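We name chains A, B, ... by the order of the sequence lines, and we start the count at 1 in each one. Being a predicted model, the structure only gives us computed values, none of them experimental.
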Amino acid sequence: MTLKIYNVLTRKKEEFVPLTPGKVNMYVCGPTVYDYSHIGHGKTYVGFDVVVRYLRYSGYDVLYVQNITDVGHMLDTGEDRILKKARQLSAGPMQVVETYMREYFNDMDALGVQRPDISPRASGHIPEQIEMIQELIDKEHAYVVDGSVYFDVTSFAEYGKLSGRIVEELEEGARIGVRSEKHHSADFALWKKAEPEHILRWPSPWGDGFPGWHVECSAMANKYLGQTFDIHGGGIDNIFPHNECEIAQSEAAHGEPFARYWMLTGSLTLDGVKMSKSLGNTLTIKDALAKYRPEAIRAFILSSHYGSPIDFSDEAIEAAHKGWLRLWGAVSLVREQLRSAAEGEAETAVIDLLNNTKNSFIEKMDDDFNAPAALAVLQEFTRQVNTLINEKGPHTKGTLNAIDALYRELGGEVLGIVPDQAEASADAEREDGLVRLLINLRAQARAQKDWATSDQIRDQLKELGIVLEDRADGTIWKLE
RNA sequence: GGCGACGUGGCCAAGCGGCUAAGGCAGAGGUCUGCAAAACCUCCAUCACCGGUUCGAAUCCGGUCGUCGCCUCCA
């Protein structure tokens with residue numbers, strides 16, 4: 001079994017061979033922290049979260065770097081988006097950055113996204129960026145105009161190789177009369193001269209200024225991962241110009257290939273329309289989490305391949321949620337039975353089922369991280385588990401533990417949609433005890449065919465969001 | 001206008017040259033059940049359209065129609 005990755009650079013699915021055996025160096029473009037993260041960020045970073053989780057599950061030692069952009073990302077108007085936000089809030093730019101960066105991590109934590117190993121900030125790597133820009137000037141890939149530095153796209157023959165753009169054609173589509181100090185309309189800023197009112201500024205060999213957006217990723221990827229590294233990820237919407245510029249800068253400066261495998265995620269639309277900050281039709285992760293549990297959101301995101309676009313709608317996430325509920329129901333049932341199961345080894349038929357499931361799951365994930373197909377394997381497995389538990393019980397501890405372990409491994413460790421436990425807190429334990437007490441009282445009523453009392457307990461618990469299910473072997477409860 | 005992606009059952013979505021076209025949601029019928037819920041079983045598609053390549057195509061090629069993304073800030 002070998003892992004295959006669709007490489008956007010070659011437009012082909014390729015066998016994944018890391019630069020150093022057993023080791024994966026990976027960089028993913030992170031967010032610009034000037035506002036709350038939206039569900040589109042969620043799709044991208046949950047997608048890469050599963051990629052990283054699966055690589056680690058496969059035995060790779062992954063170094064995962066994801067930057068935080070906190071300077072240099074300009075609006076159309078030429079205004080730095082962080083400075084704009086700072087002005088709106090009457091706050092300092094780094095206060096804005098700190099606020100939204102923390103919110104970003106909170107949101108990702110809530111979604112079960114494991115943190116990157118390194119989260120470098122652009123503003124913390126100005127010397128590295130200046131050094132890289134100087135190198136590009138020395139090698140005549142960049143030129144200085146009035147305190148600003150631009151990359152000369154005509155000096156890098158391969159410019160456009162990732163996105164399929166052709167420099168000559170870019171000329172035509174360019175807006176007129178803007179950035180007239182550039183030699184070519186496709187040239188992009190490496191360093192911008194700071195106007196007096198621009199307070200995000202640093203000294204440089206070319207005067208006070210600030211770095212362009214693209215150069216941070218090149219400089220920081222180089223610092224933490226080396227000139228050539230294995231995987232570069234990001235959202236497809238950044239393929240041009242951002243990713244293209246990263247390649248140009250890095251390869252022009254170092255004369256070595258930049259990233260070897262490019263993985264780009266499809267965009268998320270909201271009710272059929274592309275979500276964008278300028279259109280204002282954004283759904284923040286916080287809003288989504290207020291309505292749906294994180295596992296449901298992850299299951300929704302993983303219901304289509306990472307490279308495909310996906311449309312967020314109430315119906316779609318509701319469907320994903322119910323599908324997840326079925327899976328979670330089986331897991332809960334297994335764990336419930338485990339409380340009272342007899343000692344004993346796992347049954348051989350079950351061991352076969354587990355092995356087959358695991359092999360299929362790995363086969364799907366090895367095929368360019370096909371999470372939706374892997375999820376289908378877990379659903380198929382769930383049907384068999386339900387049959388096993390409902391019709392062929394009771395089972396030994398060994399059997400139930402083995403099933404639970406596979407759910408934890410594939411559904412938990414890799415996909416991040418099967419929690420270790422429903423909830424871990426003193427309150428949760430107390431709640432469980434109380435509900436079980438009521439279940440016992442209700443069982444006594446049922447034994448006496450006192451359906452009125454029995455139904456009253458069930459109905460009133462339901463109003464509290466607690467659902468009871470009567471099974472042949474007893475009553476179980478779950479949160480609605 | 002240029003570049004790219006996509007169009008699979010009511011909805012979502014795998015499959016990308018050859019076993020009965022995965023899986024989830026919804027729907028219909030059934031089993032089980034004090035009732036309910038859950039679960040399980042059964043049923044529900046020939047893959048936008050047209051033409052071509054091939055022994056054989058949802059899968060490859062060409063065309064038509066349609067949707068979306070990028071080209072300007074976006075994950």
Side-chain angles (χ1 to χ4, degrees), chain A residues 8 11 13 28-32 35 37-48 66 69 73-77 79 81 160 163-166 169-170 172-175 178 186 213 233-242 264-269 272-279 282 299-300 303-305 307-311 313 315-327 329-330 332-333 360 364 367 370-391 446 449-451 454-455 458-459 462 467-472 475-476 478:
Chain A
V8 179
R11 308 265 160 188
K13 208 183 272 185
V28 170
C29 288
T32 302
D35 207 342
S37 302
H38 53 65
I39 196 72
H41 296 108
K43 175 184 177 348
T44 299
Y45 300 120
V46 166
F48 284 114
Q66 185 192 106
T69 297
H73 200 159
M74 315 302 282
L75 288 159
D76 249 0
T77 55
E79 191 176 15
R81 48 213 320 149
S163 60
R165 300 304 148 95
I166 296 162
E169 289 175 357
L170 288 171
E172 300 163 19
R175 286 166 303 159
V178 187
W213 173 36
I236 186 82
D237 46 338
N238 273 336
I239 189 171
F240 188 88
H242 183 62
L264 301 177
T265 56
S267 297
L268 179 143
T269 51
V273 186
K274 165 117 200 225
M275 193 163 48
S276 80
K277 282 158 190 165
S278 48
L279 287 177
T282 54
F300 163 71
S303 72
S304 82
H305 188 256
S308 302
I310 191 170
D311 185 51
S313 63
E315 300 76 54
I317 192 160
E318 204 51 57
H321 180 216
K322 285 182 181 165
W324 175 81
L325 230 36
R326 176 168 169 276
L327 217 141
S332 307
L333 195 53
S360 304
K364 301 302 183 188
D367 185 13
N370 194 338
L375 207 48
V377 170
L378 283 189
Q379 288 288 3
E380 192 67 48
F381 174 60
T382 294
R383 166 172 305 118
Q384 312 217 46
V385 169
N386 275 324
T387 299
L388 210 63
I389 302 293
N390 292 326
E391 292 168 20
R446 292 183 73 213
K449 298 201 191 302
D450 177 2
W451 308 128
S454 160
D455 290 351
R458 188 173 59 194
D459 292 347
K462 169 106 163 114
V467 181
L468 298 190
E469 288 175 18
D470 294 325
R471 299 171 43 79
T475 300
I476 59 172
K478 57 180 70 163

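One atom, CD1 of A:I476, and another, C1' of B:A36, lie 14 Å apart when rounded to the nearest Å. One interatomic measurement links the two molecules: NE2 of A:H41 to P of B:A75, which rounds to 4 Å at whole-angstrom precision. Rounding to whole angstrom units, CG of residue A:D459 and C1' of B:A37 are separated by 12 Å.
With both pairing distances under 3.5 Å, B:C43 is matched to B:G27 as a Watson-Crick or G-U wobble pair. Within the shown strands, nothing qualifies as a pairing partner of B:C35 under the Watson-Crick or G-U definition with both distances less than 3.5 Å. Pairing of B:U54, defined by two Watson-Crick or G-U wobble distances under 3.5 Å, is not identified with any nucleotide. Across all strands shown, B:C16 has no partner, as no Watson-Crick or G-U wobble contact with both distances under 3.5 Å is found. Summarising the base pairing, B:C3 is matched to B:G69 through a Watson-Crick or G-U wobble pair whose two defining distances lie under 3.5 Å.
Across B:G23 and B:U8, the matching C1' atoms stand 14 Å from one another, rounded to whole Å. Rounded to whole Å, the C1' atom of B:G17 lies 16 Å from the corresponding atom of B:G52. Atom C1' of B:A13 sits at a distance of 13 Å from the matching atom of B:G7, rounded to the whole Å. Taking atom P on both nucleotides, B:G27 is separated from B:A5 by 38 Å, rounded to a whole Å. Taking atom P in both B:C55 and B:C6, one finds a spacing of 28 Å when rounded to whole Å. Separating the P atom of B:G4 from that of B:C43 is a span of 44 Å, rounded to the nearest Å.
For the OP1/OP2 pair of B:A26 and a distance below 4.0 Å, the side-chain nitrogens and oxygens of A:K322 include at least one atom meeting the criterion. Side-chain nitrogen and oxygen atoms of A:R383 include at least one within less than 4.0 Å of the OP1 or OP2 phosphate oxygen of B:C41. Of the side-chain N and O atoms in A:S308, one or more sit less than 4.0 angstrom from OP1 or OP2 of B:A14. Taking only side-chain nitrogens and oxygens, A:R471 never comes nearer than 4.0 Å to OP1 or OP2 of B:A39.
In this structure, the nucleotide among B:A37, B:G15, B:G24 sitting nearest to the side chain of A:Q379 is B:G24. Taking every side-chain heavy atom of A:E469 into account, B:A37 is the closest of B:C40, B:A37, B:A75. Nearest to the side-chain atoms of A:A319 among the listed nucleotides B:G24, B:C71, B:C12 stands B:G24. Of the listed nucleotides (B:A75, B:G4, B:C70), B:A75 has the atom at the smallest distance from the side chain of A:H38.
Each of A:A373 and A:I39 lies near RNA chain B, and the nucleotide nearest A:A373 is the one positioned closer to the 5' end. Map A:K43 and A:W324 each onto its nearest nucleotide of RNA chain B; the residue landing nearer the 5' end is A:W324.
Not one N or O on the side chain of A:S454 forms a donor-acceptor pair closer than 3.5 Å with the backbone of A:D450.
The residues A:D455 and A:R458 are annotated as salt-bridged, a charged nitrogen and a carboxylate oxygen being separated by less than 4.0 angstrom.
To the nearest 0.5 Å, the span separating NE2 on A:H38 from NE2 on A:H41 amounts to 4.0 Å.
Two residues are said to be in side-chain contact when any heavy atoms from C-beta on lie closer than 4.5 Å; A:F48 and A:Q66 fail this criterion.
A:D470 contributes a side-chain N or O that forms a donor-acceptor pair with the base of B:C35 under 3.5 Å. Residue A:N370 places no side-chain atom within donor-acceptor reach of the base of B:G15, judged by atom type and a 3.5 Å distance cut-off alone. The base of B:G34 sits with one of its N or O atoms less than 3.5 Å from a complementary donor or acceptor on the side chain of A:R446. The base of B:G34 lies close enough to the side chain of A:S454 for a donor and an acceptor atom to sit less than 3.5 Å apart.
Backbone-only contact: A:G30 has heavy atoms under 4.0 Å from sugar-phosphate atoms and none from a base. When heavy atoms are screened at a 4.0 angstrom cut-off, A:L378 is found touching no nucleic acid atom at all. Residue contacts shown for A:T265 are absent, as no nucleic acid heavy atom lies under 4.0 Å away. Base contact: A:D455 has a heavy atom under 4.0 Å from a base atom.
Using a 5.5 Å limit on the distance between ring centres and a 30° limit on the angle between planes, the aromatic ring of A:W451 counts as stacked on the six-membered base ring of B:G34.
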**OP:** List the steps, then state whether side chain to side chain contact (heavy atoms under 4.5 Å, CB included) holds for A:N390 with A:R471.
**Re:** CA-CA 9 Å; A:N390 292 326; A:R471 299 171 43 79; 2.7 Å; yes

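In terms of the side chain to side chain donor-acceptor pair (under 3.5 Å) criterion, residue partners of A:T269 (sequence neighbours excluded) are, by chain and number, A:D311.
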